[in-house]
2 protein chains.
Amino acid sequence: MDRPSRSAGTVRPGGRTARVRAAVLEATQDALVEHGFHALSMDQIAARAGVGKTTVYRRWGTPAGLVTDLMNELANQSAPHSDTGGIEGDLRANALMVLEAINDPRLGATFQAVIAAATGDEEAARALRTFYRRRIDEWAAVVDLAVARGELPPGTDGKELIKAVSAPLYYRLVVTREPVTREAALASVDRALAAARAGAFVAETV
Amino acid sequence: MDRPSRSAGTVRPGGRTARVRAAVLEATQDALVEHGFHALSMDQIAARAGVGKTTVYRRWGTPAGLVTDLMNELANQSAPHSDTGGIEGDLRANALMVLEAINDPRLGATFQAVIAAATGDEEAARALRTFYRRRIDEWAAVVDLAVARGELPPGTDGKELIKAVSAPLYYRLVVTREPVTREAALASVDRALAAARAGAFVAETV
DNA sequence: AGCCTAATGGAACGCCAGTTTCGATAAGCT
DNA sequence: AGCTTATCGAAACTGGCGTTCCATTAGGCT
């Protein structure tokens, strides 16, 4: 069981190689939507993508490798973050974006697959970390602006505040497995914001 | 592929049957700690438990069935919740209990396994929901007491507050995959409590 | 245009997870 | 104690996953 060589498909990434990758990732997402990560079979993906299974094994190695590549692909599609001019509006926009991503059939299935894969595969875990670190960093900027405008206490930790908005939504998705509703998203914003205004996101000095 | 009959081992649950179950669940936890859910093999569990693999397949059916049974077993071991006499102390006790559970090698591995299993198995998902619903209901009581004492605004939603304390910890465990530290646990309490005091956990009347 | 070789994919193979069969064992009951 | 049968487990079987081999195709470069 060789690790898939990281360079396979990177020396001649032209036409065919790119088409194969697109077809395989597409087929992977379809399979995730229909049957979920646990039922992901390299064989079936190859057949569905109209590609030799040898190729799938060579380039991706395992089901975890497939979803990892999928996540890395998503990481490159940076979502634009609106700037509503007020921290409450910005956080709401963030929460609603997360809400839509989670409830979108394809994206939601992909997220759950990567989360499942990450419990047992270091590459998948890294892809997950990278994806969220980037998203969080991008959105933390709107918190910094709000602090500069005097909307939030000085020293408020932007990354932690953004994480606090998402956390209850993912908690519902993955742990309590309740539906993730618009109400839950907006309530999460209210709570995070109340805590932020009370200074609970200002780092304690030791 | 028959579903494992729900009654298998329940008509004669005496000596041998109980010993087999104990040995298998023990072996399952060991395997989860060492290799994680994705590498769980019914064969190896049977061998490790010193039990015929036919029996393991008959009674549990799939790896997801094994971790589901494990979770149901944990659900019966109700953890005592301390009553420190103040809501801040109570929530801290709760957060530290969650922290310890997540970082305990055996419990932590089991939680992650069930979370992974639940993404693709309805029984595992149900076991997960049942487990947390129960824990949350138990702890929500301390919030009600705090409201009665006048520590928190009337109408504060106890279940939501308890969930808000845990959510960031599980978010770290499963999504951002950062270490879940004592500092994170205490910070989560501070934030949830600040929001609660500001009335952000009082249900909006429509 | 034509060469070189990276990349693909068909076919055959080995191995192991999961199933089936049936005899052995021991739990529960009188 | 002795009977009944639920439960267990060894062995043989099957199917599909993952690998290997090698011929074919088509990027990239001169």
Side-chain angles (χ1 to χ4, degrees), chain A residues 1-28 31-32 35-69 117 120-121 123, chain B residues 1-28 31-32 34-69 113 117 120-121 123:
Chain A
M1 182 181 295
D2 271 335
R3 280 224 143 256
S5 78
R6 234 157 255 80
S7 58
T10 57
V11 177
R12 280 187 186 177
R16 184 169 63 164
T17 296
R19 274 196 305 279
V20 166
R21 187 168 106 104
V24 168
L25 292 188
E26 182 81 11
T28 300
L32 286 179
H35 310 294
F37 178 67
H38 73 291
L40 214 55
S41 138
M42 305 293 274
D43 257 347
Q44 289 167 18
I45 294 297
R48 195 194 275 251
V51 157
K53 74 167 177 167
T54 316
T55 300
V56 178
Y57 278 111
R58 195 162 29 216
R59 287 184 64 181
W60 290 277
T62 63
L66 284 170
V67 299
T68 299
D69 198 21
D121 183 279
E123 301 254 351
Chain B
M1 183 182 297
D2 271 334
R3 280 226 141 254
S5 79
R6 234 158 255 79
S7 57
T10 57
V11 177
R12 282 185 186 178
R16 184 169 62 166
T17 296
R19 273 197 304 281
V20 166
R21 186 167 106 105
V24 168
L25 292 188
E26 182 80 13
T28 300
L32 287 179
E34 288 177 31
H35 310 294
F37 178 67
H38 73 292
L40 215 54
S41 137
M42 305 293 274
D43 255 348
Q44 288 167 18
I45 294 297
R48 195 194 274 251
V51 156
K53 75 167 177 168
T54 316
T55 300
V56 178
Y57 278 110
R58 194 162 29 216
R59 288 185 63 181
W60 290 278
T62 63
L66 283 171
V67 299
T68 300
D69 197 21
D121 182 279
E123 300 254 351

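What you see is a predicted model; the values in this text were computed from it and never measured. Chain naming here is simple, since letters A, B, ... match the order of the sequence lines and numbering starts at 1 in each.
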Peer 1: Any heavy-atom pair between the side chains of B:L40 and B:V67 that's under 4.5 Å?
Peer 2: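 A side-chain contact exists here, since the closest heavy-atom pair is under 4.5 Å.
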
Peer 1: Do A:R16 side-chain and D:dT25 base share a donor-acceptor contact under 3.5 Å?
Peer 2: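 Answer yes: a donor N or O sits under 3.5 Å from an acceptor.
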
Peer 1: Strictly below 4.0 Å: does B:T17 bring a side-chain N or O up to OP1 or OP2 of D:dT7?
Peer 2: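 False: B:T17 side-chain N/O out of range (4.0 Å or more) of D:dT7 OP1/OP2.
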
Peer 1: Can you check the B:L40 CG to C:dA17 C1' distance for me, whole Å?
Peer 2: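 The answer, rounded to whole Å, is 13 Å.
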
Peer 1: Run the salt-bridge test on B:D69 and B:R59 with the 4.0 Å N-O cut-off and return the result as yes or no.
Peer 2: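 Looking at B:D69 and B:R59, the cut-off is not met.
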
Peer 1: Nearest whole angstrom, please: distance from the C1' of C:dA17 to the CH2 of B:W60.
Peer 2: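 So the two atoms are 18 Å apart, to the nearest Å.
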
Peer 1: Below the 4.0 Å mark, does C:dG18 have OP1 or OP2 next to a side-chain nitrogen or oxygen of B:Y57?
Peer 2: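 So the side chain of B:Y57 is within the cut-off, an N or O lying under 4.0 Å from OP1 or OP2 of C:dG18.
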
Peer 1: Ignoring hydrogens and angles, does a donor from either the side chain of A:R58 or the base of D:dG18 sit under 3.5 Å from an acceptor on the other?
Peer 2: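 No, the side chain and the base share no sub-3.5 Å donor-acceptor pair.
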
Peer 1: What integer distance in Å separates A:R21:CZ from C:dG9:P?
Peer 2: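 That distance rounds to 16 Å.
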
Peer 1: Under 4.0 Å: is that the gap between some side-chain N or O of A:R19 and OP1 or OP2 of D:dA26?
Peer 2: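 For D:dA26, OP1/OP2 do not have a side-chain N/O of A:R19 under 4.0 Å.
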
Peer 1: Hey, is the side chain of B:K53 pairing donor to acceptor with the base of D:dG9 inside 3.5 Å?
Peer 2: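 It does not, because no donor-acceptor pair links the side chain of B:K53 to the base of D:dG9 below 3.5 Å.
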
Peer 1: When the distance from CG of B:D43 to C1' of D:dA11 is rounded to whole Å, what number comes out?
Peer 2: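 Those two atoms, CG and C1', are 13 Å apart.
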
Peer 1: Looking at C:dG10, does its base get a donor-acceptor pair with the side chain of A:T54 below 3.5 Å?
Peer 2: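 In this structure, the two groups form a donor-acceptor pair.
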
